[in-house]
Each structure stands twice: as C-alpha cells, then as structure tokens.
Amino acid sequence: MEETLQILQENLGQALLDTAYMVIVSAVIGVVLGTLVALLLYLTENRLFTPNHALNVIVGFIVNAIRSLPFLILMVVLIPVAQFLLGDPYTPTGGAISLSIAAVPFFARIAESAFSEIDPGLLEAAISTGATTRQIIVDAVFPQALPSFIRGVVLTIISLIGYSAMVGTIGAGGIGDMAIQYGYNRYETGVLVAIVIILIVIVQIIQWIGDAIARTVTH
C-alpha cells in the first residue's frame, strides 16, 4: 500500500498533465478540422447549397477509411509520420499526432449528423431572403446544430481520453504509460485501480459539464 501511494505521488501528476496535453491538443485539432470536413460533406450533399456528388463521395470515402481502422493499428501506422515530424514519436506530442488524425474523421461524422438534423424549411426560408451561404451557416446552421454539436465535442473528448490511454501503451506518456509501467509490469494492482477510478471520475465530470452546456444552449 505504501509503495502504491509513493508511485502515485511521484508519477500521477505528470501522467495527468501528459494525458491532458494529448487530449486537449487532439480535441482542438479534431474539432476544428473535423468541423471543416463536416461542412464540406454537408454542403456538397445538400441540394440547397452546392451539391457535388463526386467530391462528397471522395471525401466521405477518406473519412470512412480512416474511421474503419482500429485505433491501435492507426497508431502503429502513424509512428513513421510522428518520427518524421518530431524525431521521436514516443512522446506526448507524438501521441497527440495520432490522436488528432483519429479525432478528425470521428468528429466530422458527428458534426455532419448534427448539421443534417436541421429543418430544411428553415434553410429554405433563409435562402429566400437572399442570405449568402456564409450567413446561413453562421446564423442558421450552427445555432440550430449547437446542442448536438456540443454533445459531439464531449463524446470526442471522452473517446480521446480512452485513446490516450492506448497511446500510453507504446510509451507516449500519460495515464496509459503509467498503468503499464507500474500497474502491469510491476504488478501494482493498486495503481491500476486508482487510475481506473480517476478516469471514471474525469469522464463523469466532463459528461456532466457538457450536458449542462448543451441544455443551456438548447432552443
């Protein structure tokens, strides 16, 4: 018990910081780029805007291809990319690269679904007033999709927390790395239990905050 407490005291703080770094960086990149991809899919599929079947199919295929890969396989495939960019892929930044590439198509489909739920009648009314595509997106699409959009962000963050633990298994740092090094390799069951409890608490807090924000912005 004393050894478990010592391990947690010496390593937990840095592990949480590394995990937070990977999740925050990949979540920001995933949400920003994923939103752009979602808008491209939405605009090229919706008859009210600029339908382009060929472009929609190509972008959709790329998104689905990346999403179809199990994360562990995607992570291994991306190791050479991280090594080329950073020199050492086995760092929190290297883990953030893998997480970001996984997050973009994941969030893109969530955001596209949120946009697709918007009442077409609202869009037709906006178009009839002479509003530009940019105005419709900013003043109609995003406000209406915001509750689902926020829940999608929360879902993405929670998924990235789980993925970050897997990234840690290859030495990228964070909670997963700590769980493997101390909980598994050194047979410190107490460390594994503590990490599981911490992850559950973190996920519950994030979900509660996300639901509260989504309720606030629901029209």
Side-chain angles (χ1 to χ4, degrees), residues 16 19-52 55-57 59-68 71 96 99-166 198-219:
L16 289 173
T19 295
Y21 168 76
M22 289 189 286
V23 171
I24 291 171
V25 169
S26 57
V28 171
I29 294 174
V31 169
V32 172
L33 296 184
T35 299
L36 295 176
V37 173
L39 281 174
L40 180 61
L41 289 169
Y42 177 65
L43 295 176
T44 55
E45 189 274 336
N46 195 308
R47 62 177 179 81
L48 297 174
F49 295 106
T50 53
N52 187 323
L55 180 59
N56 186 274
V57 168
V59 175
F61 175 81
I62 295 172
V63 168
N64 291 337
I66 298 175
R67 288 187 64 203
S68 67
F71 181 69
L99 290 172
S100 298
I101 293 176
V104 172
F106 181 86
F107 186 75
R109 285 303 188 190
I110 292 176
E112 182 195 11
S113 177
F115 297 151
S116 299
E117 293 173 358
I118 298 171
D119 182 6
L122 176 66
L123 302 179
E124 291 173 353
I127 292 172
S128 67
T129 64
T132 64
T133 299
R134 178 183 174 280
Q135 290 172 327
I136 294 172
I137 291 173
V138 173
D139 298 329
V141 173
F142 271 106
Q144 291 297 316
L146 192 55
S148 297
F149 190 87
I150 290 173
R151 291 188 176 95
V153 172
V154 172
L155 177 60
T156 301
I157 292 173
I158 290 174
S159 298
L160 288 172
I161 291 174
Y163 289 158
S164 70
M166 286 190 266
I198 290 169
L199 287 175
I200 291 173
V201 171
I202 290 173
V203 167
Q204 292 295 330
I205 291 173
I206 292 173
Q207 186 68 62
W208 180 80
I209 293 173
D211 288 344
I213 296 173
R215 286 194 298 269
T216 300
V217 301
T218 299
H219 298 289

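Reckoned from all heavy atoms, side chains included, excluding hydrogens, waters and symmetry mates. The shown structure was predicted, so the numbers you read here are calculated from the model rather than taken from an experiment. One-based numbering along the sequence shown.
- Atom CD1 of Ile158 is separated from atom CD of Gln207 by 4.0 Å, given to the nearest 0.5 angstrom.
- In this structure, CG in Leu40 is found 12.5 Å from OG1 in Thr35, a value given to the nearest 0.5 Å.
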Note to self: The test is side chain to side chain contact (heavy atoms under 4.5 Å, CB included); show your working for Gln135 and Thr132 and say whether it passes.
What the structure shows: CA-CA 5 Å; Gln135 290 172 327; Thr132 64; 3.2 Å; yes
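- Judged as a ring-ring contact (aromatic ring centres under 6.0 Å, His included), and not counting sequence neighbours, the contacts of Phe49 are Tyr42.
- With sequence neighbours excluded, the residues satisfying side chain to side chain contact (heavy atoms under 4.5 Å, CB included) with Tyr21 are Val25, Pro92, Thr93.
- For the atom pair Arg47 CZ and Leu123 CG, the distance stands at 9.5 Å (nearest 0.5 Å).
- Counting heavy atoms from C-beta on, the side chains of Leu16 and Ile202 come closer than 4.5 Å.
- When side chains are defined from C-beta on, Val63 does not count as touching Val104, because their heavy atoms never get closer than 4.5 Å.
- Note that the CG atom of Leu160 and the CG atom of Leu155 stand 9.5 Å from one another [nearest 0.5 Å].
- Phe115 places none of its side-chain heavy atoms less than 4.5 Å from the side chain of Ile137.
- Using a 3.5 Å distance cut-off with no hydrogens or angles, the side chains of Thr44 and Asn56 do pair a donor with an acceptor.
- Rounded to the nearest 0.5 Å, atoms OG (Ser116) and CG (Leu41) are 9.0 Å apart.
- With values rounded to the nearest 0.5 angstrom, Ser113 atom OG is found 10.0 Å from Arg109 atom CZ.
- Between Glu117 and Ser148, some side-chain heavy-atom pair lies under the 4.5 Å cut-off.
- Scanning all heavy atoms of the two residues, the minimum distance from Gly152 to Phe107 falls at C-CE1, 3.7 Å.
- Side-chain contact between Asn46 and Pro51: absent, with no pair of heavy atoms (C-beta onward) separated by less than 4.5 Å.
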